[in-house]
Amino acid sequence: MEESDVKIYENLTVEINSNICTIKINRPQVLNAINLKTLEEIYEVFTDIDEDEDIYVVILTGEGKAFVAGADIEYMRDLDSISAKNFSQLGTKALNAIENSKKVVIAAVNGFALGGGCEIAMACDIRIASSNAKIGQPEVTLGITPGYGGTQRLTRLAGMAKAKELIFTGQIIKADEAKKIGLVNKVVSPEDLTREVEILAEKIAKNSQLAIRYSKEAIKLGSQTDINTGLDIESSLFGLCFSTKDQEEGMSAFLEKRVAKFGK
């Protein structure tokens, strides 16, 4: 994709400005509810993004008044057990593509982030929420469980006790409460959300992308193992940095009191 390129999918819009890619889930007529096609497009777009060396940071948000209000209940209502499991597995595949992306992914939570919407936000690296955002996993009120990783990611982000409380009650919480439990990083006014997220993306894009990628890998792998194994992973990736041009440029720039100019 070229700079300032815009690509329109059936349910997504993708825009690239400089090294920042903004993805909008674009089904505002149903508050961006997730259906089969949306999941397929999310997986496709993130697969393409990972191969694009000109993209450093991804902003993921929703068109209109919602981030994602959940999965499409009208679509799900008549699914049988096998079809529902397949739908869940496709959601898992799409959200894993977000979580495992080589790029930093920031969720700009601009309204309802419920069910699948909360799960999409949790698959991102960083979550910035509008003060009017409403967040939760209300699936049990529909007679189902979370299906795109909610039982797993919410537990890891907010702790087991809080995850159980939110999932078992189906409670929808406000952005400030979500920040208190570690579900979002920051809460800003609705009118400031876009610019706040862009400023954060620009700060990240200025740094060594290779070092960020290694750091993301160390955090993810380390969180899934014991601390000693995690420390070994960190040391190995730290060592790899010293075989890169980014390390040479970053340290030379520091000693020469100038701004570092990192490569791709």
*Asks:* At what distance, to the nearest 0.5 angstrom, does CZ of Phe67 lie from CD1 of Ile25?
*Replies:* 5.5 Å
*Asks:* What distance separates Leu60 CG from Ile42 CD1, expressed to the nearest 0.5 Å?
*Replies:* 6.5 Å
*Asks:* Do Phe87 and Leu36 touch side chain to side chain, with heavy atoms closer than 4.5 Å?
*Replies:* yes
*Asks:* Salt-bridged, Arg195 to Glu198, with N to O below 4.0 Å?
*Replies:* yes
*Asks:* Take a 6.0 Å sphere around CD of Glu74 and say whether it holds more than 12 heavy atoms from other residues, nucleotides or ligands.
*Replies:* no
*Asks:* May I ask whether Ile172 and Val30 are part of the same hydrophobic cluster, defined by side-chain heavy atoms of I, L, V, M, F, W, Y residues being less than 4.5 angstrom apart, directly or through others?
*Replies:* no
*Asks:* Between Val58 and Phe46, is a side chain to side chain contact (heavy atoms under 4.5 Å, CB included) present by the stated rule, with each step listed?
*Replies:* CA-CA 9 Å; Val58 179; Phe46 272 91; 4.0 Å; yes
*Asks:* Measure the spacing between NZ of Lys164 and CG of Leu154 and express it to the nearest 0.5 Å.
*Replies:* 12.5 Å
*Asks:* Should the heavy atoms of other residues, nucleotides or ligands under 6.0 Å from CD of Gln247 be counted, would the total exceed 12?
*Replies:* yes
*Asks:* Short question: side chain of Asn185, backbone of Ile128 - any donor-acceptor pair under 3.5 Å?
*Replies:* no
*Asks:* Indicate the atoms forming the closest heavy-atom contact of Ala129 with Ala175, along with that distance.
*Replies:* CB-CB, 4.2 Å
*Asks:* Return yes if a side-chain donor-acceptor contact under 3.5 Å exists between Asn132 and Lys65, otherwise no.
*Replies:* no
*Asks:* Between Asn26 and Glu63 (side chain of the first, backbone of the second, donor and acceptor by atom type, cut-off under 3.5 Å), is there such a pair?
*Replies:* no
*Asks:* Is there a donor-acceptor pair closer than 3.5 Å between any side-chain N or O of Glu249 and the backbone N or O of Ala260?
*Replies:* no
*Asks:* Same cluster for Leu221 and Leu231 if Ile/Leu/Val/Met/Phe/Trp/Tyr side chains link at under 4.5 Å?
*Replies:* no
*Asks:* Between Val109 and Ile199, is there a shared hydrophobic cluster once you connect ILVMFWY residues whose side-chain heavy atoms come closer than 4.5 Å?
*Replies:* no
*Asks:* Keeping the roles fixed (side chain from Arg27, backbone from Ala33), state whether a donor-acceptor pair exists under 3.5 Å.
*Replies:* yes
*Asks:* Using a 4.5 Å cut-off on heavy atoms from C-beta on, say whether the side chain of Thr194 contacts that of Asn110.
*Replies:* no
*Asks:* Between the side chain of Thr244 and the main-chain N/O of Cys241, is any donor-acceptor distance below 3.5 Å?
*Replies:* yes
*Asks:* Can you name the salt bridge (Lys or Arg N to Asp or Glu O under 4.0 Å) partners of Glu256, sequence neighbours left out?
*Replies:* Arg258
*Asks:* For Thr92 and Gly147, which heavy atoms make the closest approach, and how far apart are they?
*Replies:* OG1-O, 3.9 Å
*Asks:* Could you please spell out the steps behind the salt bridge (Lys or Arg N to Asp or Glu O under 4.0 Å) verdict for Glu44 and Lys37?
*Replies:* CA-CA 10 Å; Glu44 177 186 346; Lys37 185 64 174 177; over 6 Å; no
*Asks:* Does NZ belonging to Lys179 count more than 12 external heavy atoms closer than 6.0 Å?
*Replies:* no
*Asks:* Could you state the interatomic distance from CD1 (Ile106) to OG1 (Thr22), rounded to the nearest 0.5 Å?
*Replies:* 9.5 Å
*Asks:* Go through Glu165 and Lys162 one step at a time and tell me if the salt bridge (Lys or Arg N to Asp or Glu O under 4.0 Å) criterion holds.
*Replies:* CA-CA 5 Å; Glu165 177 188 338; Lys162 196 64 181 180; 3.3 Å; yes
*Asks:* Give a yes-or-no answer on whether the side chains of Asn35 and Thr38 include a donor-acceptor pair shorter than 3.5 Å.
*Replies:* yes
*Asks:* Is any side-chain heavy atom of Ile181 closer than 4.5 Å to a side-chain heavy atom of Leu166?
*Replies:* yes
*Asks:* Between Thr155 and Ala163 (side chain of the first, backbone of the second, donor and acceptor by atom type, cut-off under 3.5 Å), is there such a pair?
*Replies:* no
*Asks:* Kindly indicate whether the side chain of Met251, heavy atoms from C-beta on, has any atom under 4.5 Å from the side chain of Phe242.
*Replies:* yes
*Asks:* Any non-hydrogen side-chain atom of Cys124 less than 4.5 Å from a side-chain atom of Ile98?
*Replies:* yes
*Asks:* Tell me every residue that passes side chain to side chain donor-acceptor pair (under 3.5 Å) with Ser189, counting only those two or more places apart in sequence or in another chain.
*Replies:* Asp192
*Asks:* Is atom CZ of Phe112 surrounded by more than 12 heavy atoms (other residues, nucleotides or ligands) closer than 6.0 Å?
*Replies:* no
*Asks:* If you look at every heavy atom in Ala108 and Val197, which pair is closest and at what distance?
*Replies:* CB-CG2, 3.8 Å
*Asks:* With a 4.5 Å cut-off on side-chain heavy atoms, are Leu157 and Arg127 touching?
*Replies:* yes
*Asks:* Check whether Lys24 reaches the backbone of Glu15 with its side chain - one donor and one acceptor, N or O, closer than 3.5 Å.
*Replies:* no
*Asks:* When you compare the side chains of Asp80 and Ser83, does any donor N or O come within less than 3.5 Å of an acceptor on the partner?
*Replies:* yes
*Asks:* Please determine which of Lys216, Arg153, Arg156 meets the salt bridge (charged side-chain N to carboxylate O under 4.0 Å, His left out) test together with Glu99.
*Replies:* Arg153
*Asks:* When rounded to the nearest 0.5 angstrom, what is the spacing between CG in Asp232 and CD1 in Ile227?
*Replies:* 11.0 Å
*Asks:* So which atom in Asp246 and which in Ser208 form the shortest heavy-atom distance, rounded to 0.1 Å?
*Replies:* OD2-OG, 2.6 Å
*Asks:* If I compare all heavy atoms of Val140 with all of Thr169, which pair ends up nearest, and what's the gap?
*Replies:* CG2-C, 4.3 Å
*Asks:* Give the intermediate values and the outcome of side chain to side chain contact (heavy atoms under 4.5 Å, CB included) for residues Ile120 and Ile34.
*Replies:* CA-CA 10 Å; Ile120 288 172; Ile34 297 295; 3.7 Å; yes
*Asks:* Calculate, to the nearest 0.5 Å, the distance between atoms CD and CD belonging to Glu191 and Glu196 respectively.
*Replies:* 11.0 Å
*Asks:* Asn100 versus Lys220: any side-chain heavy-atom pair under 4.5 Å?
*Replies:* yes
*Asks:* Determine the minimum heavy-atom distance between Glu119 and Pro146, stating which atoms define it.
*Replies:* OE2-CB, 3.4 Å
*Asks:* Establish whether Tyr148 and Ile23 are linked, either directly or via other cluster members, by ILVMFWY side-chain heavy-atom contacts under 4.5 Å.
*Replies:* yes
*Asks:* Start with the C-alpha distance between Gln137 and Met122, add both sets of side-chain angles, then the distance that settles side chain to side chain contact (heavy atoms under 4.5 Å, CB included), and finish with yes or no.
*Replies:* CA-CA 11 Å; Gln137 299 283 169; Met122 290 191 294; 3.4 Å; yes
*Asks:* Heavy atoms, side chains only, cut-off 4.5 Å: are Leu90 and Tyr43 in contact?
*Replies:* no
*Asks:* Decide whether Phe262 and Leu255 are clustered together by the hydrophobic rule: side chain heavy atoms of Ile, Leu, Val, Met, Phe, Trp, Tyr closer than 4.5 Å, transitively.
*Replies:* no
*Asks:* Evaluate the criterion salt bridge (Lys or Arg N to Asp or Glu O under 4.0 Å) for residue pair Glu41 and Lys7; output intermediate values, then yes/no.
*Replies:* CA-CA 12 Å; Glu41 290 181 351; Lys7 187 171 183 179; over 6 Å; no
*Asks:* If you count the non-hydrogen atoms of other residues, nucleotides and ligands that lie under 6.0 Å from CD1 in Ile8, is the total more than 12?
*Replies:* yes
